[in-house]
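Sequence lines set the chain letters: A, B, ... in the order given, protein chains first and strands last, and positions in each chain run from 1.
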Amino acid sequence: MSEETYPVPSRAMRGARSSMPAQAEKGRTAWVRWMIVLGLFAGSAAAAFAQEVSETRDRSWEGRRERRIAPFRRDAEAVMKLVEPLMTSLHDATVEVLSEGRPAALGIVIDARGLVLTKASQVPGTSELAVRFSDGRRYNSIRVAERRTNDLVLLQMEGAERMSFATVAFSDQDPPSVGSLLISAGPDGKPIGLGTVGVPPRPVEEFGVLGINLEDGPTGPIVAVVLPDSGAAEAGIQDGDIVESLDGTSYRTAEGLRKALGALYPGDRVKLSIRRGDERLDLTAELRDRWQLLIGDRAELMVNGPTNGRASGFEQAIQHDTVLEPNRCGGPIVDIEGHVVALNIARAGRVATYAIPAEIVQRDINSMLEELAQAETIATPDAETTPVSAVQGGE
Amino acid sequence: MSSLTRTAMLLGMAFLAPTASQGWAEDIPLPIEKGTYISVTDQLRDLLAGKSPQTIDELKAIEHQQQRVAERIRSCTVSISIGNSQGSGVIVTEDGIVLTAAHVAIEPGLQCEVRLSDGQRVPGRTWGMNRFVDAGMVKLLSDVGPDGKPWPYATVGMSGELSDGTWCLATGHPGGYDESRGPVLRMGRVLYRDHSAIVTDCALISGDSGGPLFDLSGRLVGVHSRIGSEVIDNIHVPIDQYEASWERLQKGDAWGYLPGFRPVLGIRGRKGGGAAVIETVTEGGPGAQAGLKAGDVVLRFGDKPIANFSELQEAILNTMPGQRVGMLIEREVDGAVRKLWLKNVRIGRSQE
């Protein structure tokens with residue numbers, strides 16, 4: 001099968017190129033350049049049109065090409081310079097959120113007492129979280145409220161409750177129409193991407209799957225099929241495994257377990273207790289977006305570039321074409337007037353980034369703040385720092 | 001057949017008319033408000049020629065123009081399905097000629113299902129394809145839209161007048177037709193162009209093939225064809241290529257192959273003669289992998305009866321590398337002639 005000779009589908013394509021056999025012809029190097037014809041085949045034949053194309057090109061030519069086209073790109077330096085003044089007001093209120101010390105998402109300060117809104121699935125409660133400002137200030141942070149339906153979470157910066165932060169105000173205008181320009185803000189007050197609205201706000205259904213088929217067995221649900229490249233396969237789940245429990249709850253029927261899994265989102269990690277023969281195993285597996293499993297083709301996955309684990313399941317999302325790294329989600333988007341019109345929620349593929357419209361973000365912020373206020377009235381008057389952890393413990 | 005030819009000629013004129021009436025930077029408005037053309041203000045004229053926006057006001061003007069053009073180009077953007085393959089297309093005449101990629105139309109004379117931007121399904125038939133550049137043509141069976149009105153169509157521009165940096169808009173059905181979503185707009189700029197291809201940073205993916213690329217004034221300048229690994233490698237067929245081979249496309253001719261994507265089976269035979277006899281099979285080639293042997297006589301390739309080797313060659317050229325087809329062959333086994341059905345013959349690719 002020729003597919004197996006394809007290079008590793010990673011962002012490190014340049015590296016892969018250099019490892020290709022060199023043609024000793026006047027210093028020219030041959031490498032595999034990916035080219036995909038864009039016809040789409042439904043179902044299992046999806047890979048049919050993905051082709052690699054070998055090209056013999058001078059590497060320095062490639063470098064010159066990059067430099068040559070740079071001024072013509074839609075996000076050329078000159079264009080980005082033009083839109084930079086639009087985000088001056090966001091400078092102090094757009095932050096980086098670190099998970100275990102590494103940049104995991106961008107965040108938006110939405111409350112002067114140090115509350116930061118970001119993309120929930122990028123900042124798991126089990127890891128050490130911190131918020132970092134562009135001037136280097138850094139605050140350890142904890143999750144205090146979450147809205148799973150839109151993958152939003154509020155973080156409280158610790159030791160910052162009595163400080164006063166600049167905040168971002170979301171626009172109360174109608175969402176931007178198709179063709180509108182969208183500029184994504186970075187943590188240093190600089191634009192990190194320019195794109196346009198491709199599809200007006202719509203519900204983006206979630207299709208999180210573990211990648212197993214289940215059957216009823218005498219003692220409980222049995223794994224009948226494990227899909228290759230799925231979260232289940234990666235976790236080591238095998239055909240014939242008996243699922244004794246999911247996150248501590250046991251299910252008597254395959255249908256019951258399917259329902260429980262169906263309520264989860266892509267990017268969620270679950271703990272499964274498995275019985276395999278005489279063995280008992282505890283495995284952790286991640287749910288993935290179903291389309292990623294269906295593609296199952298490396299070339300196609302590669303041209304999509306890195307995407308978020310949770311790239312579907314949003315109540316309402318604007319689809320736009322801004323090229324964004326998955327860990328640059330969670331930050332604000334401004335329109336050409338400088339109004340904050342949306343929050344980037346997921347990089348979903350080569351052509352799609354999703355953003356939650358300002359109105360929905362504001363509604364979720366309000367309800368989370370309300371939730372916090374109620375918790376505070378219950379927890380006070382003990383101490384001023386407890387309300388936050390009280391809420392978290394109470395979840 | 002004669003009525004088809006007559007229609008085709010009329011359609012050809014309908015295509016040429018808007019092209020001839022429009023130059024770049026032209027002030028004269030179209031006589032009728034039809035098609036997708038929306039004239040640009042003086043401010044945007046330089047941007048059409050590739051200049052970078054210099055002020056935030058120019059960017060605002062781009063946005064305003066984009067929003068207006070986006071509304072118009074939506075209605076002429078279609079999805080095309082043939083069998084289990086799916087791509088996009090764009091209606092370019094009021095009686096329903098659709099431009100698409102050659103690899104979406106596959107081969108002449110096929111029935112296809114076309115979905116309009118509002119989700120309605122209408123039947124179509126594939127016409128010709130110039131595979132050298134991946135240009136294909138489809139005709140909607142009805143010469144008028146479902147409501148008896150002319151089909152919504154795109155105003156055709158001239159790709160020869162594009163510049164590096166020209167601001168453009170792309171639509172299509174990425175990932176296939178999605179009822180809850182419809183066509184998806186993307187924007188970008190021309191990064192490179194020659195007579196056979198335009199490269200832009202309008203991000204494309206599978207399912208977009210055959211979809212339209214417009215300039216800021218809503219004129220069709222290209223049709224999506226293929227992508228490279230980088231998100232800035234999106235390749236479109238220049239619209240001038242369609243005009244250059246318009247008559248052959250209308251007649252239902254298919255010719256050439258896309259460089260780098262030439263379909264091969266790795267078999268040889270003699271042209272002419274009464275049967276498609278395989279004389280040699282390349283070791284390790286796609287034919288050998290599928291189990292073909294020297295001496296086999298090919299009777300059917302996919303759903304086509306094969307009478308001689310030339311017909312077989314043509315049938316192979318009508319496929320794409322990676323496609324799987326069935327083949328009916330005749331082979332002598334232990335002195336007896338038997339018919340064998342090879343189910344999954346995977347077409348290979350020549351680097352040419």
Qualifying residues under side-chain contact (heavy atoms from CB on, under 4.5 Å), relative to A/Lys190, sequence neighbours excluded
A/Glu84, A/Asp188

Just to verify, what does B/Ser88 make a side-chain contact (heavy atoms from CB on, under 4.5 Å) with, not counting sequence neighbours?
B/His173

Non-hydrogen side-chain atoms of [X] and [Y] separated by less than 4.5 Å:
X        : Y        : value
B/Met187 : A/Leu181 : yes
A/Glu337 : B/Lys60  : yes
A/Val351 : B/Val184 : no

Highest number of heavy-atom pairs under 4.5 Å with chain A among B/Pro286, B/Ser52, B/Pro53 belongs to B/Pro53

Max heavy-atom pair count under 4.5 Å with chain A, selected residue of B/Ile56, B/Thr200, B/Asp164, B/Val190
B/Asp164

Is a donor on one side and an acceptor on the other found under 3.5 Å between the side chain of A/Arg68 and the backbone of B/Leu191?
yes

Looking only at atom types and distance, does a side-chain atom of B/Arg189 sit under 3.5 Å from a main-chain N or O of A/Arg73, one as donor and one as acceptor?
yes

Any chance you could measure B/Asp201, atom CG, to A/Phe72, atom CZ, to the nearest 0.5 Å?
12.0 Å

Output for pair (B/Leu59 CG, A/Leu194 CG), nearest 0.5 Å, gives 7.5 Å

Return yes when atom CD of B/Glu71 has more than 12 non-hydrogen atoms of other residues, nucleotides or ligands closer than 6.0 Å, and no otherwise.
no

In chain order, what residues pass the salt bridge (Lys or Arg N to Asp or Glu O under 4.0 Å) check against A/Arg350, with sequence neighbours excluded?
none

Taking every non-hydrogen pair under 4.5 Å, which of A/Val83, A/Asp321, A/Leu86 racks up the most with chain B?
A/Asp321

Which residues in residues 195-208 of chain A have any heavy atom closer than 4.5 Å to a heavy atom of chain B?
A/Gly195, A/Thr196, A/Val197, A/Gly198, A/Val199, A/Arg202

